Amino acid sequence: MGGVIVYGSPISTCTARVLLCLEEVGAEYQLVPINMPIGEHKSPPHLARNPFGQIPALEDGDLVLFESRAISKYVLRKYKESGTDLLKEGNLAESAMVEVWLEAESQQYNPAISPIVYQSLVVPKMRGGTPDQAIIDSSLEKFKKVLEVYEARLSKSKYLAGDFFSLADLSHFPYTRYLMVTPYASVFESYPHVKAWWEDITSRPAFKKVSAGMLGS
Ligand code: GSH
């Protein structure tokens, strides 16, 4: 099998981000599973790929990359001839807006949503523990403030960076996909433009395919 190699797990949010990019551009790739429950992500062969001992990592010949958002940009640049342009690098203003909303995803959206998903999904289903409701409640308050900003933005443009689908939208998928299988999915009901945006992006074939490999499908 040819193409790039992704080391990760289809249920991991950061792996899903990279797989979505590969699916969007129609690239040939191989997903090599890393067995996290037995600690394979901390083993010397994987530490050689990702020195932080995390997934995903991507290998393309001699080039080895980690950090899912950086890998995503590499994939989209490598396969730009596919005709799927999710970075808009030919337009200074559009590409800057893609970067703005990618940063918003990693610096604002992700820190607010990830503790909700971790406590309400990962802790009970994968760690056999009891969710910490205080963490969920305070994160929900933070997340609602972030969603207010998103609601205002998405009432002015169809997608986050403008009236075009981009990596900025795609990057929000993995954690939001997991929030939707928690008891807190209903938080989106108060934000109609965010809800419509979510329904739009999840109708894409790449999203359906990657989603099918995630938990709670
Ligand atoms: N910023 C990194 C990225 O975007 O790739 C985060 C990677 C990350 O947190 N990966 C998780 C992981 O490997 C799985 S989704 N966790 C195990 C650990 O941190 O030991």
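Please read these numbers as outputs of a predicted model, since none were measured by experiment. Counting starts at 1 for both ligands and their atoms, following the listed order.
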Check your understanding: Going by atom types alone, do T176 and Y109 pair a side-chain donor with an acceptor below 3.5 Å?
Key ->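 On atom types as modelled, these side chains qualify, holding a pair under 3.5 Å.
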
Exercise for review: Say whether N50 and Y7, considering side chains only, have a donor N or O and an acceptor N or O under 3.5 Å apart.
Suggested key: no

Protein heavy-atom partner closest to [atom] - residue, atom, separation in Å:
| atom | value |
| --- | --- |
| atom 19 (O) of ligand 1 | Q54 NE2, 2.9 Å |
| atom 20 (O) of ligand 1 | K42 NZ, 2.7 Å |
| atom 2 (C) of ligand 1 | E67 OE1, 3.2 Å |

**Study point:** Any donor-acceptor N/O pair, D169 side chain to S166 backbone, under 3.5 Å
**Key:**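 Looks like yes, one N/O pair under 3.5 Å.
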
Exercise for review: Would you check if the side chain of E151 reaches a backbone N or O of H193 as a donor-acceptor pair within less than 3.5 Å?
Suggested key: yes

Check your understanding: Within a strict 4.5 Å, meaning less than it, do heavy atoms of the V18 and Y29 side chains meet?
Key ->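 No. Closest side-chain heavy atoms not under 4.5 Å.
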
Numbering as shown, the atoms of ligand 1 that approach [X] to under 4.0 Å (heavy-atom distance):
| X | result |
| --- | --- |
| T13 | 15 (S) |
| H41 | 17 (C), 20 (O) |
| S12 | 15 (S) |

Point to revise | Under-4.0 Å salt bridge between E89 and K73 | key: no

**Study point:** Check ion pair E141-K144 (N to O, under 4.0 angstrom)
**Key:**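 Yes.
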
**Study point:** Shortest heavy-atom approach to atom 16 (N) of ligand 1 - which of R17, R69, M36
**Key:** M36

Check your understanding: What do you reckon, does P56 put a non-hydrogen atom under 4.0 Å from ligand 1?
Key ->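 Yes.
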
Review point. Counting both backbone and side chain atoms, is some N or O of I55 under 3.5 Å from an N or O of ligand 1?
Key: yes

**Study point:** ligand 1 N/O within reach of S68 N/O, cut-off under 3.5 Å
**Key:**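 Yes; the residue has a nitrogen or oxygen that sits under 3.5 Å from a nitrogen or oxygen of the ligand.
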
